[in-house]
Every structure is written in C-alpha cells, then in structure tokens.
**Student:** 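This is the structure, below, for whatever I ask next.
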Amino acid sequence: MGVSIRPLLEGCRHPVSFGDIPGVAAIDANNALYQFLSIIRQADGTPLQDTRGRVTSHLSGLLFRTAHFLENGIMPFYIFDGPPPEFKAKTIAGRRGIREAGEVEWVKALERGDTDAAYRAAMQSTRVDSAILGSGKRLLDALGIPWMEAPSEGEAQSASFVNNGIATYSVSQDYDSLLFGATVLVRNLTVSGKRRIGGRQVTISPERIYLSEFLETLGITREQLIQIGILIGTDFNEGIHGIGPKKALKIVREGRFSDVMAEKAPDTDPEPIMEFFLFPPVAEAYQPEWKPPDPDQIIGILCDEYGFSTERIHPVLERIAGPQKGQSGQMRLDAWN
DNA sequence: CGGCTATA
DNA sequence: TATAGCCGG
C-alpha cells in the first residue's frame, strides 16, 4: 500500500499528459503489474486468462501501455522488487490475509449474485506471483524494454536512478519513492482517464510531484518527511493509532517525533527504518538498453502461448516498430542526454 | 487498462 | 469529433 501522505500533497500534484514527460521512466514494476491484475477484469471479477486458466491481464496491460509510452517518447525501465527487508514481514503477512479474505468474499459475492461486490473482492484477491513476474519479464524482453531486479525495494532503486541521472522520473502509485528521495514522481500514468473504483467510475489523470517543492511547501526536510511516514505507518512499521498525516506533520514540526514514538510506540525502534529510507540497498551502476521489439517473440508469447488474437496484436507491433525506425542499432540512454 | 464500435 | 459501453484471454 505504501505510506498515506496524500492529504499533505495538496498543491504539489501537477497534472501532466503523456506528451509532457518524455525521458526515462523508472517504473515500479511490481506496482504496475499489481494495478493491471487488479483492474483488468470482467464485471464479475474474472481476470483475463488463457484456455488453461493462466492469468493474462498483466500481459495485455504491459503491451498496450508500452506502445503508448514509446509513441510519446517515454522510455520505460521496469524495476522489480528484490528480497524485502526483515522488518517488512508484518506488512507482507497482512497483505496475504487481505488477499485470502478477498478470495473467500469473491466466491460468496458470486453466490449472492452481487457483481459489484464480486469485482471489489476479486481486486482484493490480487496476487503478483512468480508466474506473473516470469511472463511479464519475458514479454518485456520480447518488447525490447529493459528491466532489472533491485537488491531490495524497487522504489528505493527507482529513486536512486532518478537521482543519479539514469532515469528522469519515478513512476508508481505509491508515495514511498519520495521518502526514498526520488526528486520527481509521476503517478497515475495511464491513458484512459477513467477507472472503476468499487461500483463507480472515477476520473484519474497523470500527475507529477517534485520532492523539493513538496518539502518546501510543508517547510520540512526529507528526514522529517520520513518521520511523518513512520508516525502514520510505512511498509516497514505499523504506525501509531490515532495519528494521521496532519497530526504527524504537527508533531514533526514541533520536534516531538522521538518523544511521541517513545511514548506511543515504545516497541518500535525508528532508527533502522530511518536508515533504510535514507540509505537503502541499491545498485549504482546499471545501463538500461532499449532494443528493437522482436515481433516473432511477441507473437510467440502472446498468441501461441497465451491465446491472444493476432488481429489485436498486429496493430500494436506496427505502433512499437515506429519509434525505432531510423535508429542505427540499439536505442541507448545516450539518446536522451 | 486500453482498443474498438456504436452512437450523436 | 467526443464519449459511453463492451470486450479482450
């Protein structure tokens, strides 16, 4: 879920459209796959799947979104999560509980004939498993889109790439990369402005957030932003009951972070969490390469293996072949410097 | 989610 | 030309 600092971002969320943000996008891959899996479903919650029952929602999402990225000069670079830190165990267990409850509720809702509830429960049951990760990576390879596995948290790696110039901005629905220090975060980077949330449609548009502006607006440092995160809860600690973003901001501004933690969360040592956000394990040197898409491989995976119709894939192949035309050899990062 | 078709 | 709705796998 990430850290819930949304209410503090008023005035710092700048609307953008696809054409406004050419450059290298360091994308939180697990987050992107999760979004595809949870949203690309039929009305009753059934995901797209092949005849053998293997889920394909994420492949559809990755394919069409990649075409949009390339058409707009956005060079996607997918960053997958590596092994989580030990102190994320509670969060991971909590998510599993929510998923399992979702699976149970999905069946119940279907039995009642409550389609909307079934859809919501199905979304809750979403799990990015190894089959999803594996097929997603294979499709990215076929598309010529670079990806890497981070030593630890993907958001931390994305932030590092943004700050050392390998990427132009970080892409995620979560705000964690701000705590990890990413100077630019783009959220809601989707084509269609409409999304189904629960029963109804909500209009969502892409937005860009600059960390420096955000911190200046609040009049705090990044360390203080991390303190706010720790007070309200991050993926690495539970947070204090009754303290939300507004109260946390007040506490931090008044320099009462340590006192409040000692009083209200004596069992939580904030130090390792602060350290993790400030100095997470990341790979420094990595040179992403964008290669021409391999149409045969794309067709092989999507159509031959997973039963996509060639009629639907063919137009996409033309779209993604376009941006590469006239390029000699591989498209590299240098092209953007 | 995003492509496509029907509809105005 | 814009948009609501349906379908994909």
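So that the names make sense, note that chain A is the first sequence line, chain B the second, and so on, each numbered from 1.
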**Student:** Take atom CZ of A:Phe64 and atom C1' of C:dG9, then tell me their distance rounded to the nearest Å.
**Tutor:** 11 Å

**Student:** Using OP1 and OP2 only, check whether a side-chain N or O of A:His58 sits under 4.0 Å from C:dG9.
**Tutor:** no

**Student:** Round to a whole Å and report the spacing from CG of A:Leu302 to P of B:dC1.
**Tutor:** 20 Å

**Student:** From C-beta outward on A:Ile40, which listed nucleotide comes closest to its side chain: C:dG8, B:dG2, C:dG9?
**Tutor:** C:dG8

**Student:** Would you kindly say whether A:Arg41 and A:Thr126 are connected by a side-chain donor-acceptor distance under 3.5 Å?
**Tutor:** yes

**Student:** Under a single-linkage definition using a 4.5 Å side-chain heavy-atom cutoff for Ile, Leu, Val, Met, Phe, Trp and Tyr, are A:Phe214 and A:Val184 assigned to the same hydrophobic cluster?
**Tutor:** no

**Student:** I want to verify a distance call: between C:dG9, B:dC4, B:dG3, whose nearest atom is closest to the A:His68 side chain?
**Tutor:** B:dG3

**Student:** Pairing donors with acceptors under 3.5 angstrom, does anything connect the side chains of A:Asp44 and A:Trp106?
**Tutor:** no

**Student:** What is the distance, rounded to the nearest whole Å, between atom CG of A:Leu63 and atom P of C:dC7?
**Tutor:** 21 Å

**Student:** Students often get this wrong, so: under 4.0 angstrom with heavy atoms, is A:Arg54 touching a base, only sugar-phosphate, or nothing?
**Tutor:** nothing

**Student:** Is the distance from OP1 or OP2 of B:dC4 to the nearest side-chain N or O of A:Arg312 less than 4.0 Å?
**Tutor:** no

**Student:** Whole-Å distance between C:dC6 P and A:Tyr119 OH?
**Tutor:** 14 Å

**Student:** Working to the nearest 0.5 Å, report the span between CD1 of A:Ile79 and OG of A:Ser177.
**Tutor:** 11.5 Å

**Student:** Round to a whole Å and report the spacing from CZ of A:Arg319 to C1' of B:dG2.
**Tutor:** 9 Å

**Student:** Checking all strands, does A:Ser57 fall into the base, sugar-phosphate, or nothing category for heavy-atom contacts under 4.0 angstrom?
**Tutor:** nothing

**Student:** Please state how far atom CZ in A:Arg41 lies from atom C1' in C:dG8, giving the value in whole angstrom units.
**Tutor:** 14 Å

**Student:** Taking only the side-chain nitrogens and oxygens of A:Ser60, find out if one of them lies under 4.0 Å from OP1 or OP2 of C:dG9.
**Tutor:** no

**Student:** Can you confirm whether A:His314 is buried at NE2, in the sense that more than 12 heavy atoms of other residues, nucleotides or ligands lie under 6.0 Å from that atom?
**Tutor:** no

**Student:** Which nucleotide, B:dC1, B:dG3, C:dG9, lies nearest any side-chain atom of A:Thr56?
**Tutor:** C:dG9

**Student:** Rounded to whole Å, how long is the line connecting atom CD of A:Gln42 with atom P of B:dG3?
**Tutor:** 19 Å

**Student:** What about A:Glu311: does its side chain form a donor-acceptor pair under 3.5 Å with the base of C:dG8?
**Tutor:** no

**Student:** Rounded to whole angstroms, how far apart are CD on A:Gln49 and P on C:dC7?
**Tutor:** 17 Å

